[in-house]
Visitor: 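Here you go, one structure.
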Amino acid sequence: MEYNFRDIERKWQQYWVDNKTYKVTENPSKPKYYVLNMFPYPSGAGLHVGHPLGYIASDIYARYKRLQGFNVLNPMGYDSYGLPAEQYAIQTGQHPAITTNQNINRYREQLDKIGFCFDWDREVRTCDPGYYHWTQWAFQKMFGSFYCNKTQQATPIAKLIAHFEKEGTENLDVAQSEPLEFTAEEWNSWDEARQQEVLMNYRIAYLGETMVNWCPALGTVLANDEVVDGVSERGGFPVVQKKMKQWCLRVSAYAQRLLDGLETIDWTDSLKETQRNWIGRSEGAEMVFKVKDSDVEFTIFTTRADTIFGVTFMVLAPESELVAQLTTPEQKAAVDAYLEATKKRTERERIADKKVTGVFSGSYAINPITHEAIPVWISDYVLAGYGTGAIMAVPAHDSRDYAFARHFNLPIIPLIEGADISEESFDAKEGIMMNSANEGLSLNGLTVKESIAAMKKYITEKGIGKVKVNYRLRDAIFSRQRYWGEPFPVYYKEGTPYLIPEECLPLELPEVKDFKPTEAGEPPLGHAEVWAWDTVHNCVVANSLIDQKTVFPLELNTMPGFAGSSAYYLRYMDPHNDKALVSPEKDSYWRNVDLYVGGTEHATGHLIYSRFWNKFLHDNGWSVTEEPFQKLVNQGMIQGRSNFVYRIKDTNTFVSYGLRKEYDVTPIHVDVNIVSADVLDIEAFRNWRPEYKDCEFILEDDKYICGWAVEKMSKSMYNVVNPDRIVERYGADTLRMYEMFLGPVEQSKPWDTNGIDGCFRFLKKFWNLFFDGNGNFCVSNDAPTPEELKSLHKLLKKVTQDIEVFSYNTSISAFMICVNELAQLKCNKRAILSDIVVCIAPFAPHIAEELHSLLGYEGSICDAAWPKWNEEYLKESNVTYSISFNGKMRYTLDLPVDMDNKTIEETVLSNEQSQKWIEGKTIRKIIIVPRKIVNVVVG
RNA sequence: GCUCGAAUGGUGGAAUCGGUAGACACGAGGGACUUAAAAUCCCUUGCCCAGUGAUGGGCGUGUGGGUUCAAGUCCCACUUCGAGUACCA
């Protein structure tokens with residue numbers, strides 16, 4: 001019988017559905033294992049061959065773990081809120097829900113063809129009210145919490161209120177937007193609105209006036225990780241800085257825990273490093289500088305307190321509140337002009353031209369150590385959002401200060417012995433200090449490191465400043481001026497936000513007539529006619545009923561993309577629970593994700609937000625583990641492999657790749673689907689586009705050979721390969737095998753169909769082991785020979801070890817070797833073949849099921865047990881030694897395994913081949929590496 | 001600029017603790033079967049030199065040094081490519 005993959009795959013995919021083979025329930029008698037893929041955004045383009053790479057890798061692992069006796073959770077769902085569906089809605093008027101649904105159905109169809117072991121009963125969609133109920137719920141909980149620095153955890157806001165009522169801000173150590181000071185009396189005297197306003201300074205989800213990345217073309221704000229090179233990640237539109245009132249999440253409060261948590265999880269070093277950089281912890285000192293002839297003083301942050309003797313000027317960020325205070329009347333005109341000019345420059349322009357700009361404020365600050373007066377400047381190279389928005393400039397040892405000093409002719413004082421600062425600053429934190437002494441303090445002669453430590457001690461003792469840790473990580477901006485996202489469960493009473501009652505969740509997304517912003521510039525929800533909250537009946541009512549006494553307007557912003565993806569792994573544990581995000585029982589059974597597979601592009605977005613979100617839930621006991629994703633594997637990107645044809649200029653004649661240099665040609669992208677192994681299907685090409693209908697070809701060897709290049713897989717390059725096409729032609733098992741055989745999972749590589757035949761041939765060969773020359777199923781019950789057993793157990797050992805480390809490509813090689821050996825031996829022994837079938841099931845589940853069934857076993861192969869290898873069968877009586885002289889391999893020798901070193905030495909030395917290398921020389925040393933090498937050092 | 005990673009045949013890629021390269025696959029060349037094609041099977045395939053031949057010798061993991069009996073693997077310097085990040089004081 002032939003290997004008919006179409007029938008086999010159709011049959012078993014149906015069997016899995018009918019028998020709910022992949023349904024999983026909590027089972028305390030079995031150890032759990034949680035495998036998760038980053039769920040996809042269902043785009044209109046459907047899946048290309050790059051998408052399933054990670055899914056196949058995790059599917060193999062999930063199936064393997066199940067065969068090993070684990071209760072494996074392997075769910076799938078859709079991150080179904082997002083910009084493309086909304087942009088499409090704006091253009092066509094089509095409701096995003098409709099587009100999204102169509103796309104999901106298409107994705108599902110494509111996924112089903114590949115034979116994944118997902119438990120679809122646990123599917124989640126972020127745009128489903130039953131799901132975003134819990135996104136809104138989490139937001140409400142964050143709104144109702146503050147972060148206590150003493151206990152290092154999120155705490156209900158009621159505790160904070162109690163503290164304020166008793167002692168105001170006395171003894172307060174909490175995360176806050178800005179430091180406030182008030183007494184209990186003051187707090188108690190304030191009205192509700194004022195108190196609410198103050199509480200915003202502490203809430204974990206808070207409404208804050210912040211500088212945001214505003215994208216005019218998209219009409220919305222973007223988070224830092226959604227802005228790339230000053231333009232939006234989606235669409236590439238320019239982004240400008242704008243001050244706006246927005247919902248924010250106090251992610252920064254968790255900076256230290258996010259950093260510390262990295263030590264406890266099993267991620268790649270590079271990913272951890274990326275997160276560390278993003279969090280950007282820097283240890284330094286805050287120092288207070290007095291302003292000359294004034295009561296004003298201000299604080300700066302520096303990591304180089306040791307360079308205090310080299311401070312020759314100060315710089316304020318243009319947005320700093322100090323600018324107004326420190327600008328003298330004489331300088332006011334110049335400063336105003338500068339501020340105006342700065343405001344006009346977008347983020348992008350600032351990055352693009354690195355011109356040094358700045359203006360003198362007119363004021364002088366007093367160096368707290370040297371007591372010298374130094375000028376205070378204003379420049380946009382200092383950022384308002386980092387540290388205190390003010391710096392002490394040490395031009396000799398900071399390149400930016402150096403450039404500034406050079407440009408404005410400010411003094412430069414070298415502080416490190418031997419540092420050449422004639423052309424550039426000396427930024428390295430090394431060397432011996434000089435020029436750093438006065439009557440009170442001397443750093444001269446110390447190394448930079450000693451000097452930093454000494455200064456920290458000094459300023460703390462003298463009360464000039466304090467040791468301070470700063471983080472680059474900023475709070476996440478949580479509002480989007482979009483329609484297709486989770487609505488905030490918030491209404492506004494005289495401008496103060498209030499939560500709708502928890503039991504009224506979910507607050508469902510209303511219908512709108514138009515998906516664009518309103519004419520008044522409000523977000524699309526401004527078009528909703530039924531979008532007001534009735535506090536008496538606790539329900540959504542028409543806007544016309546708003547009376548500001550019992551009926552209030554609801555929030556018009558929606559939540560960003562990362563809201564829905566931040567806790568979805570918890571929802572999979574208990575997807576149909578309408579009482580809680582996840583029940584404590586299920587949460588404590590599944591705990592966290594053991595293996596998370598996805599792309600690196602989420603390193604500073606989703607993977608930070610998710611960890612933050614989980615830590616918040618953990619603080620409240622709603623998630624049992626501190627870290628959500630124990631092990632993370634980043635699958636590489638599959639790039640496209642584009643094909644080109646070469647048209648001779650101004651003609652309709654195309655010349656084959658090898659001959660193109662003889663003509664003046666233009667390379668043109670050609671659809672890779674009409675090219676096979678770089679040979680163009682000429683007929684298909686002529687039909688591809690009308691203008692090529694009558695074209696001519698100059699061939700080589702009767703073939704048209706196309707050129708190729710590795711590019712991003714995209715429609716415009718005509719290099720998108722759909723998995724469906726491969727499945728149709730070779731079957732899902734071949735696709736799965738080939739995607740894994742292409743190379744290490746973590747590595748990026750171009751998609752290249754050229755080698756797929758190898759995997760297809762392998763499966764056919766494997767299939768043929770079970771059939772005789774006449775195509776009849778023919779498996780013998782005879783006892784296997786030692787040779788056959790050895791071949792099998794070599795395979796079992798290799799595959800078991802490889803799967804554990806995701807080295808699937810080498811496992812597949814092992815399968816190929818084993819099948820070749822068995823074919824050579826004409827082995828058709830049941831004892832051998834039935835084990836191999838189980839072993840190959842994770843990789844090629846359809847063919848495995850079919851053979852498992854033909855072998856006479858009942859039920860799905862998923863319920864079989866993973867075979868264990870036995871070292872007994874692998875033992876050899878002889879082992880081949882490489883015999884080297886002075887490290888150079890000369891010949892090999894078969895020796896008994898258990899021969900002792902002395903005998904080995906004697907055997908090697910007495911061997912006649914050895915004689916010619918030893919002749920006339922003295923033997924200095926003999927190194928014996930057991931079972932491998934004998935190296936004789938002669939001289 | 002900084003941080004991290006990579007570099008191996010015509011191609012994708014193997015190579016555990018440093019253990020004597022190139023597994024496996026593709027492609028290519030040759031052969032068998034066939035009227036023919038497809039499919040299948042067998043042989044060769046890193047480079048160079050010598051030999052009719054079995055075979056023998058030399059060179060080889062981006063470049064240059066080093067450690068070692070032994071280096072693709074470890075150390076130092078450099079080149080190229082990729083990823084992340086960027087006035088973070």
Side-chain angles (χ1 to χ4, degrees), chain A residues 2 224-225 228-229 268-278 280-282 284-285 300-305 307 315 317 350-351 354 356 379-383 385-394 397-401 403-404 427 470-474 600-601 603-604 634 636-637 641 677-678 708 737-738 741-744 746-759 761-762 764-765 768 801 805 807 809-818 820 823 881-890 892 924-939:
Chain A
E2 252 185 44
N224 283 341
D225 65 281
V228 179
D229 292 335
T268 61
D269 290 339
S270 75
L271 189 60
K272 286 185 185 181
E273 193 61 26
T274 304
Q275 290 218 339
R276 280 190 201 106
N277 290 340
W278 190 259
R281 181 191 154 102
S282 83
I300 58 95
F301 175 75
T302 181
T303 54
R304 294 295 301 273
T307 58
V315 188
R350 280 202 200 181
I351 293 167
K354 293 205 166 179
V356 177
S379 173
D380 66 2
Y381 83 86
V382 174
L383 304 176
Y386 185 77
T388 60
I391 63 152
M392 62 180 217
V394 186
H397 302 292
D398 181 287
S399 51
R400 295 151 302 178
D401 297 343
F404 195 85
D427 291 15
N470 250 319
Y471 299 91
R472 202 187 77 116
L473 184 71
R474 316 268 183 93
T600 8
E601 66 272 21
T604 51
N634 284 122
M637 291 252 281
R641 189 178 184 280
D678 291 337
W708 60 274
M737 282 261 170
Y738 185 57
F741 187 63
L742 218 46
E746 299 89 339
Q747 198 172 302
S748 286
K749 56 230 156 192
W751 177 258
D752 182 349
T753 334
N754 286 342
I756 197 165
D757 286 316
C759 288
R761 273 177 215 152
F762 159 74
K764 280 193 283 191
K765 255 188 219 177
N768 285 333
Q801 290 175 347
V805 295
S807 183
N809 53 336
T810 53
S811 299
I812 294 173
S813 295
F815 278 114
M816 291 175 172
I817 294 167
C818 179
N820 275 334
Y881 278 83
S882 300
I883 315 299
S884 310
F885 296 88
N886 287 346
K888 200 129 195 102
M889 212 272 267
R890 293 303 173 181
T892 60
R924 296 221 172 121
K925 203 166 162 192
I926 298 175
I927 293 121
I928 299 173
V929 181
R931 300 185 178 205
K932 274 185 180 152
I933 281 162
V934 180
N935 188 19
V936 184
V937 185
V938 292

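Lettering of chains follows the sequences in order, A, B, ..., and the numbering in each one begins at 1. In what follows, every heavy atom counts, from backbone to side chain, and hydrogens, waters and symmetry copies are set aside.
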Visitor: Given B/A89, B/C4, B/U85, identify the nucleotide with an atom nearest to the side chain of A/Glu273.
Guide: B/C4
Visitor: Base of B/C17 relative to its sugar, syn (within 90° of 0) or anti?
Guide: syn
Visitor: Below 4.0 angstrom from OP1 or OP2 of B/A89, is there any side-chain N or O of A/Ser282?
Guide: yes
Visitor: Is A/Lys925 close enough to B/C69 that one of its side-chain N or O atoms is under 4.0 Å from OP1 or OP2 there?
Guide: yes
Visitor: Suppose we screen for salt bridge (Lys or Arg N to Asp or Glu O under 4.0 Å). Which residues come up paired with A/Glu273, at least two apart in sequence or across chains?
Guide: A/Arg276
Visitor: Round to the nearest Å and state the distance from A/Asn634 atom CG to B/G5 atom C1'.
Guide: 13 Å
Visitor: Side chain of A/Gln747, heavy atoms from C-beta onward: which of B/C69, B/G13, B/A89 has the nearest atom to it?
Guide: B/G13
Visitor: Sequence neighbours left out, what passes side chain to side chain contact (heavy atoms under 4.5 Å, CB included) with A/Asp757? Give chain and number order.
Guide: A/Tyr730, A/Arg761
Visitor: Is any side-chain nitrogen or oxygen of A/Tyr386 closer than 4.0 Å to OP1 or OP2 of B/A89?
Guide: yes
Visitor: According to ring pair (Phe, Tyr, Trp, His ring centres under 6.0 Å), who are the partners of A/Tyr738, at least two apart in sequence or on a separate chain?
Guide: A/Trp751
Visitor: Apply the syn/anti split at 90° from 0 to B/G65 and say which one it is.
Guide: anti
Visitor: Taking the P atom in each of B/C74 and B/A23, what is the distance between them to the nearest angstrom?
Guide: 23 Å
Visitor: Please report the distance separating the P of B/A38 from the corresponding atom of B/A28, rounded so that it comes out in whole Å.
Guide: 12 Å
Visitor: Looking at the side chain of A/Asp380, which of B/C87, B/C69, B/U85 is the nearest nucleotide?
Guide: B/C87
Visitor: Which whole-number value in Å describes the distance from A/Asn886 CG to B/U68 P?
Guide: 15 Å
Visitor: Just wondering, do A/Ser882 and A/Arg890 contact through their side chains at under 4.5 Å, heavy atoms?
Guide: no
Visitor: Return the value, rounded to whole Å, for the distance between atom CZ of A/Phe762 and atom P of B/U40.
Guide: 14 Å
Visitor: Distance check, P atoms only: B/C87 and B/C81, in whole angstrom units.
Guide: 24 Å
Visitor: Nearest-Å distance, CZ (A/Arg474) to C1' (B/U85)?
Guide: 14 Å
Visitor: Give me the distance, rounded to whole Å, that separates B/U16 from B/U85 when you measure between the C1' atoms they each carry.
Guide: 35 Å
Visitor: Looking at A/Asn820, I want to see if its CG is surrounded by more than 12 non-hydrogen atoms of other residues, nucleotides or ligands under 6.0 Å.
Guide: yes
Visitor: In whole Å, I'd like the distance from the CZ atom of A/Arg281 to the P atom of B/U85.
Guide: 22 Å
Visitor: In whole angstroms, how far is the P atom of B/G13 from the NZ atom of A/Lys749?
Guide: 8 Å
Visitor: Does any non-hydrogen side-chain atom of A/Leu271 lie less than 4.5 Å from one of A/Thr600?
Guide: yes
Visitor: Do A/Asn470 and A/Ser282 get their side chains close enough for a donor-acceptor pair, meaning under 3.5 Å?
Guide: no
Visitor: Looking across every strand, which nucleic acid part, if any, lies under 4.0 Å from A/Arg931 by heavy atom: base, sugar-phosphate, or nothing?
Guide: nothing
Visitor: Could you work out the separation of B/U79 and B/G64 based on their C1' atoms and round it to a whole Å?
Guide: 11 Å
Visitor: Going by heavy atoms in the side chains, are A/Thr268 and A/Asn634 under 4.5 Å from each other?
Guide: yes
Visitor: Sticking with atom C1', work out how far B/G46 lies from B/G10, rounded to a whole angstrom.
Guide: 10 Å
Visitor: For B/A77 versus B/G9, give the span between their C1' atoms, rounded off to a whole number of Å.
Guide: 28 Å
Visitor: Could you write out RNA chain B as a dot-bracket string, with dots for unpaired bases, | for bases paired across to another strand, and Watson-Crick or G-U pairs counted at under 3.5 Å?
Guide: (((((((..(((......[....)))((((((.......))))))(((((....)))))..(((((..]....))))))))))))....
Visitor: Going by the rule salt bridge (Lys or Arg N to Asp or Glu O under 4.0 Å), which residues pair with A/Arg474 if we only count those two or more places apart in sequence or in a different chain?
Guide: none
Visitor: Decide yes or no on side chain to side chain contact (heavy atoms under 4.5 Å, CB included) for A/Ile391 and A/Tyr381, but give the supporting numbers first.
Guide: CA-CA 10 Å; A/Ile391 63 152; A/Tyr381 83 86; 3.8 Å; yes
Visitor: Whole Å only: how far is the CD atom of A/Glu746 from the C1' atom of B/A6?
Guide: 14 Å
Visitor: Write down the distance separating the C1' atoms in B/G27 and B/U11, rounded off to the nearest Å.
Guide: 7 Å
Visitor: So what does A/Gln801 touch, heavy atoms closer than 4.0 Å: a base, only the sugar-phosphate, or nothing?
Guide: nothing
Visitor: Under 4.0 Å between any heavy atoms, over every strand shown, what does A/Pro750 touch: base, sugar-phosphate, or nothing? Just pick one.
Guide: nothing
Visitor: On RNA chain B, compare the nucleotides closest to A/Arg890 and A/Leu742; which residue's is nearer the 5' end?
Guide: A/Leu742
Visitor: Just how far, in rounded Å, is C1' of B/A83 from NZ of A/Lys272?
Guide: 19 Å
Visitor: Kindly assign one of parallel, tilted or perpendicular to the pair A/Tyr386 and A/Phe301, based on the angle between their ring planes and the thresholds 30° and 60°.
Guide: perpendicular
Visitor: Any heavy-atom pair between the side chains of A/Met392 and A/Thr307 that's under 4.5 Å?
Guide: yes
Visitor: So if I define the base as every atom that isn't primed, P, OP1 or OP2, how would nucleotides 18-26 of chain B read as a B/S/- string at a heavy-atom cutoff under 4.0 Å?
Guide: -BB--BBSS
